[in-house]
Q: 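Sharing a structure, written as structure tokens. Questions coming.
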Amino acid sequence: MKIHEYQARLLFEEAGIPVARAIVADTPEAARRAAEQIGGPVAVKAQVHVGGRGKAGGVKLATTPADAGNAASQILGMRIKQSVVCKVLVMEKVEIARELYLGVVFDRDHRGHSVIASAAGGVDIEEVSAKTPEKILKQFVHPLVGLSAHQARQIGFGLGVPPKSALEIAKTLLALYTVYQRTDASLAEINPYVVRPDSTTVAIDAKMNFDDNALFRHKSIEDMRDMGEEEPLEIEAKNADLAYVHLGGDIGIIGNGAGLVMTTLDVVTAAGGRPANFLDIGGSSSPEKVRRALEIVLKEKSLKAIFLNVFGGITRCDDVATGLVQVLKAVQVRVPIIIRMTGTNVELGMKILNESGLNLKTYPTMQEAALVAADIARSA
Amino acid sequence: MKIHEYQARLLFEEAGIPVARAIVADTPEAARRAAEQIGGPVAVKAQVHVGGRGKAGGVKLATTPADAGNAASQILGMRIKQSVVCKVLVMEKVEIARELYLGVVFDRDHRGHSVIASAAGGVDIEEVSAKTPEKILKQFVHPLVGLSAHQARQIGFGLGVPPKSALEIAKTLLALYTVYQRTDASLAEINPYVVRPDSTTVAIDAKMNFDDNALFRHKSIEDMRDMGEEEPLEIEAKNADLAYVHLGGDIGIIGNGAGLVMTTLDVVTAAGGRPANFLDIGGSSSPEKVRRALEIVLKEKSLKAIFLNVFGGITRCDDVATGLVQVLKAVQVRVPIIIRMTGTNVELGMKILNESGLNLKTYPTMQEAALVAADIARSA
Amino acid sequence: MAILVDETTRVVVQGITGRDGSFHARQMKEYGTNVVAGVTPGKSGAAVDGLNAPVFDTVRQAVDVAGANTSVIYVPAAAAADAILESAEAGLRLVVCITEGIPVNDMLRVHHALAVRGDKNFVLIGPNCPGVISPGKSKVGIMPGFIHKPGRVGLISRSGTLTYEIVHALTQAGVGQSTCIGIGGDPVIGSRFTDLLPRFESDTGTDAVVLVGEIGGSDEELAAAWYTERKRRIRVVAFIAGVSAPPGKRMGHAGAIISGGKGAAKDKIETLGRHGIPVASDPAQIPELVRRAVP
Amino acid sequence: MAILVDETTRVVVQGITGRDGSFHARQMKEYGTNVVAGVTPGKSGAAVDGLNAPVFDTVRQAVDVAGANTSVIYVPAAAAADAILESAEAGLRLVVCITEGIPVNDMLRVHHALAVRGDKNFVLIGPNCPGVISPGKSKVGIMPGFIHKPGRVGLISRSGTLTYEIVHALTQAGVGQSTCIGIGGDPVIGSRFTDLLPRFESDTGTDAVVLVGEIGGSDEELAAAWYTERKRRIRVVAFIAGVSAPPGKRMGHAGAIISGGKGAAKDKIETLGRHGIPVASDPAQIPELVRRAVP
């Protein structure tokens, strides 16, 4: 799960990280008042989850409160990639001597975490990593041992900043790791982290991503979810405990197991079809779950066919069939459903389908079914 | 550092451990009102750091508020070992089906912690451990891994209580370990932890000791210190950053390093002397520290001689001599001071003593000095 | 021959009183697996429909009383990491964790707590996986048993249902399996391709191994490196899911996410190919690739 | 010959700009120790009176630039545990931690973090100890150098100043020392008697070892067991402080507390005696016991 800069900023501030003074605003008037309260020149920054807001015109400098109001009125409502800007953050203009990158990320290969810093802040860290890897400082954090103060200092003193700044950076990294760890985050990032001319330091950006599987123990983080930033069908799916990704084609895909659904996408794509979505009904699926899955896919606007691909393991074919029959009896389905089902309780599932009185067609292999689905979508 | 039952109880309650309803009172009238508020029969329990308060008459049952007031008036002001009772805890009477012992302790041999439980609660755990070791359940906790839920269950289900109680006990142990760990405790103990007839469970005692070296990061724990429970000279010494133990003899002992001071006690004892105290001025000793040490020892009432035994390492003999001369010039010392000094900067130290104009006698060996000190004390 | 599970496997089912736990315990029993006990804390003595295995409060009891040597875990995500450690502490040699949705930090704790224990013989499969089956001998997991057929091809897969798809294809083509292992698609798993390939290499009952990978991580690349590190007895073929997956999107599995330009399907396919491992472009091709590898 | 420190020892002083750090850095230098660098984070480039060793921000720099191979720590208690790990990570083989008053939990973290690193060649001495000296070769710590005399008797002590007392007695009796180590009296220390005895056993320059123990813990008992586990080349004699200490009271050292009936001086003396290790009843007896052990 992602949160906005203004939300991550609050978490950082609570953790004791120095952050630039800033006020969030959702109207131009509120932005004007925020600028007034802060005093002096400010930056007005679009609050969206996607990156690249600067290039898209989502960050504007303003010297007066009136300017800030104007900037906010230009930014609010702006579309940046798939996001519409609903809030801006009005932030004091910070004097900059150096811009750094500081981050903590989950490190899959080392089965731990990595604290990363770069003397080249303010730009995309992946670009720095690719072009000038020597500018990246890294410390591996063993999950049971945690980040040690000396590791944080190793980075602080490695950045070529004044000693006072280096010690402040070390303190910030320790706080950043603490908040990252405490919240089951997968990413905590400050880009840029600024060294002022007087060697004091301050965060002027804030980013955090969280482990979806751990949100159950972080109610206050879960509450920060911005539904406006998410695909409505993905939200609906999440509420039904389904994994859903909108892809934009015209063949609805439902399957059980990420690998199988991914492969279904691959096979449908290879057959010349365009998948509308990825929908994994997961392991232990009740009839209710299958019903919800179908309802969600049916909301895809450009839908021309549905391909239901089930291989029964922990998912039982009878449960899938029961859900399918339930929804088909309750709802008028406007597109053909191509079914491919095998595995646990397949006979029971087939029996339910056959005895349903609904004329449901099933295919023995994925490839066959995919070709049929692609064909139907093409000719619809 | 030790705290009272009523203080440990609060920490346990905050951690989510079920505790019996109780109110602390420092007058009989407050105890009466507390019993009234709780309703029904209560126990009135002396709040002292020392053990064995039950046998000493420090715990009384009361069926009415008036009884509770009477019990409190008997207990308040009572002396139990070296402690005077200033507070009582008025606690609801809990119905008891089983009494258990639950505890977490620092485990030096395993360089970690141990969670310990016993089906024989309400009695001294060391006695149980000695007489019926098979009744002790133990789980080692690796400090980096922490206590796992399955370890807590292993103990819960090992106690031979109903399943509902076992699961509650496991939850309590996890909470107990958390509060123990969070506060840098060296002991957290509930004895007895009670299983009620309906299988619910509740703590009716609470005990915690803390690592003195870690108190600097636990201000709220440090604030719980009951000065009334500590030897006044030990408090004064602690404030001066000195390690002091009152022993009750007539020869004041001052030295640097725990081992040297302990050995000084051993040697003085072997020479027929009776040490008044243990006083370690520690490693890095300033003249000020030596001065405070002498001032404290001079407050020992039955003092007949002072034996100052210094072997210079990180402690510098010149610092010790300077402190000694300072205090001897400022204060009228009523007993002879036997000095034995060698090690770092010994010449400088001797020079300071000799040039002080004070007639200070020094001895080359510990044994010689100890014999002189014992002699003086005997003949004084 | 087979690896990890066989006729000597004695299974304790953690979470046996749950819907999935009881269902799959019965399924395993029907397949012929020795299901000797179940564990649900607080429910010792409970009866589970269709099973005569006793239910205990702790895995330790299942070991002491029922002689379990292998565990399979169906407990909810919040308790699953602890269930793994419980089985390790109880002295089991193999733990198969079916549960999905375990937080990354919980699995990191498990991984490093196991490292601290230092028992090199302990094997964890999963979490978020279908389990292990040695066809005709023992099934410890949730895979539909009837699609398998005893034989000499091993399979290690990061995917769940896709594995069944491929096993089904193998069986229909007459190619039997020695042992099929779903290792799970999470970012932190107990055993990776390179932890299990050496076991197949040492198993004289296995001639070839099918690797079923997917986008994310670099386990496929490590497996490729293992394959050419020295001369290997076994042949390896592979399939990679997620060729058409858009980057940055999480596809169900926590592990199935491409980020920072790492872990894309096409890179994995390219690396495997470079190390002499044929990669199928469609699961249905796998039997043919196996036949070519082990004529 | 000697163990742990000798002429090749190149010392970095952590906390060199503090009162104790700078004083003892000078004392070490005067004794002849190669003090090659100091570390105080944020004070790189600072000058320290009477020393020409450069000051760095990190131990890593002291290793890279000044070639340090050993560290001695004088930083305050709250930062000392971290300083130990910093030196271990920087690749040093020996760290001597003088600082006293480190919380038990900090040292537990250090101990287990070092175990996770798994570097078997790394040695930590202390904390809360006087350090290590190989007389005439190198002094890494706070002991007064002049009381020592080169020779063939090793010493391992849980006490600080008591060690000096005994070394002084040895020297005055004409018995020189190979290496004297103060291991510290805290409950969690880097090296215990049994970690160091084998090094003396392998050191042909050492004939006998004096163990100086005190109340608390069971390290003396473990040392006794080590001694009779098999035939040993070296002879061992001992002294135990705290015979007259009352139980339950903490005597300065965190470790010097008798609790639960364990760790009393008389039990230790009895155990050592039973394993053939003569125990002095007075520190002044030690030289005589050594002479008798190694005639």
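It should be emphasised that the depicted structure is a prediction, and the values quoted were computed from it without experimental measurement. Numbered from 1 within each chain, the chains take letters A, B, ... in sequence-line order.
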Q: Please say whether more than 12 non-hydrogen atoms of neighbouring residues, nucleotides or ligands are located less than 6.0 Å from CD in A:Q37.
A: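 Open.
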Q: Would you please go through residues 169-184 of chain A and name the residues with a non-hydrogen atom below 4.5 Å from one of chain D, in numerical order?
A: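 Contacts with chain D: none.
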Q: Begin with the C-alpha distance, continue with both residues' side-chain angles, and end with the deciding distance and a verdict on side-chain contact (heavy atoms from CB on, under 4.5 Å) for A:H150 and D:T58.
A: CA-CA 8 Å; A:H150 70 88; D:T58 67; over 6 Å; no
Q: If I measure from the heavy atoms of chain D, does A:A149 come under 4.5 Å with its side chain, its backbone, both, or neither?
A: both
Q: Using ring-ring contact (aromatic ring centres under 6.0 Å, His included) as the criterion, list what pairs up with A:F216, not counting sequence neighbours.
A: none
Q: Within a strict 4.5 Å, meaning less than it, do heavy atoms of the A:R153 and D:E86 side chains meet?
A: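 A:R153 reaches D:E86 side chain to side chain.
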Q: By number, which residues in residues 26-54 of chain D have some heavy atom less than 4.5 Å away from chain A?
A: D:P41, D:G42
Q: Taking CD in D:E7 as the centre, count heavy atoms belonging to other residues, nucleotides or ligands within less than 6.0 Å. Is the count above 12?
A: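 For D:E7, atom CD is crowded (more than 12 foreign heavy atoms under 6.0 Å).
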Q: Give me the contact list for residues 59-73 of chain D versus chain A, heavy atoms only, anything under 4.5 Å, ordered by residue number.
A: D:R60
Q: Give a yes or no answer on whether the side chain of D:R109 reaches the backbone of A:V145 with a donor-acceptor pair at less than 3.5 Å.
A: yes
